[in-house]
Amino acid sequence: MIGAGVFAVFGPYLVVGVAALLAAGPERLAGSAVPLATAVDAAGAEGLAPVVRVGGALASLGVLLSLIAGVGRTGLAMARRRDLPAGLAVVHPRHRVPHRAEIALAVVVCLLVYYAIANASAFTQPARDRRWPRALNVLGLAGCLTLVATLPWRSVLAGAGVFAGGLVGRKIVLARRATASEAA
């Protein structure tokens with residue numbers, strides 16, 4: 001059963017990798033920032049490039065999910081060794097996941113994003129409204145971005161995609177409210 005599971009995961013990667021190599025060749029793929037799109041273009045199927053990009057974005061969300069699960073379990077193990085607070089060393093009795101560690105991770109990520117946005121916003125304040133020098137805003141934003149830069153690029157890309165989706169969703173809600181208030 002484990003062998004079938006490994007093949008179910010490895011098989012598609014193998015097929016895609018071989019197809020990309022046959023379509024574009026190793027030199028062209030190695031020099032590309034978007035190798036799958038390059039392979040699709042080389043195969044003469046440029047119209048499928050948007051599908052490949054969307055598929056890559058969805059795959060990145062899957063990677064983000066596995067990263068959250070992995071970091072949550074790492075947090076659980078560290079809490080069990082007392083490297084993190086012992087309260088994080090709890091496994092949910094029904095779902096069997098380290099729910100406290102995963103919630104703590106989500107809170108840290110949200111705070112990081114919140115403070116990055118807050119520092120960037122405060123930087124734009126007029127001088128008369130400032131309480132602190134702009135250098136502190138730059139330092140705060142740089143600190144947040146430095147923490148983000150230490151994350152795997154796929155996680156950063158997936159996170160950016162989630163935030164972009166949130167912004168699009170917010171824009172849709174605001175547009176619907178505006179339409180509803182005009183109709184009223």
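Just so it is clear, the values below take in all heavy atoms, side chains as well, and ignore hydrogens, waters and symmetry mates.
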Output the rest of the hydrophobic cluster of [X]: all Ile, Leu, Val, Met, Phe, Trp and Tyr residues reachable through side-chain heavy-atom contacts under 4.5 Å, sorted by chain and number.
X      : answer
Val173 : none
Leu76  : Val91
Leu167 : none
Val97  : none

With a sphere of 6.0 Å drawn around CZ of Arg134, does it hold more than 12 non-hydrogen atoms of other residues, nucleotides or ligands?
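Count over threshold, so yes.
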Please enumerate all residues that pass side-chain hydrogen bond (donor to acceptor under 3.5 Å, both in side chains) together with [X], with sequence neighbours excluded.
X      : answer
Arg73  : none
Ser32  : Thr38
Asn137 : Arg130

Do Val138 and Phe123 have side chains that approach each other closer than 4.5 Å (heavy atoms only, starting at C-beta)?
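With C-beta onward as the side chain, the pair touches.
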Partner residues of Val18 under the side chain to side chain contact (heavy atoms under 4.5 Å, CB included) criterion, sequence neighbours left out:
Leu14, Leu22
Contacts of Leu139 meeting side chain to side chain contact (heavy atoms under 4.5 Å, CB included) (sequence neighbours excluded), chain-then-number -> none
Answer yes if Val16 and Val40 sit in the same cluster of Ile, Leu, Val, Met, Phe, Trp and Tyr residues linked by side chain heavy atoms under 4.5 Å apart, and no otherwise.
yes
[X] versus [Y], closest heavy-atom pair with distance:
X     : Y      : answer
Ala42 : Ala23  : CB-O, 3.4 Å
Arg53 : Ala37  : NH2-CB, 3.8 Å
Ala39 : Ala24  : CA-CB, 4.0 Å
Gly47 : Pro50  : O-CD, 3.3 Å
Leu29 : Pro35  : CD2-O, 3.3 Å
Gly75 : Ala101 : C-CB, 4.3 Å

Show me the pairs that pass side chain to side chain donor-acceptor pair (under 3.5 Å) and involve residues 174-184, at least two apart or across chains.
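Residue pairs with at least one partner in residues 174-184: there are none.
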[atom2] on [Y] to [atom1] on [X], rounded to 0.5 Å:
X      : Y      : atom1 : atom2 : answer
Asp83  : Thr74  : CG    : OG1   : 11.5 Å
Asn119 : Leu145 : CG    : CG    : 9.5 Å
Arg28  : Leu21  : CZ    : CG    : 13.0 Å
Ile103 : Leu88  : CD1   : CG    : 10.0 Å
Leu48  : Asp41  : CG    : CG    : 10.0 Å

Quick check: does any side chain N or O of Asp129 sit under 3.5 Å from a backbone N or O of Gln125, one acting as donor and the other as acceptor?
no
Is the side chain of Arg100 donor-acceptor paired with the backbone N or O of Val90 at a distance under 3.5 Å, no angle test?
no
So the ring-ring contact (aromatic ring centres under 6.0 Å, His included) pairs with at least one residue in residues 69-98 (sequence neighbours excluded) are His92-His95, His92-His99
What residue pairs, at least two apart or across chains, pass ring-ring contact (aromatic ring centres under 6.0 Å, His included) with a residue in residues 2-52?
none
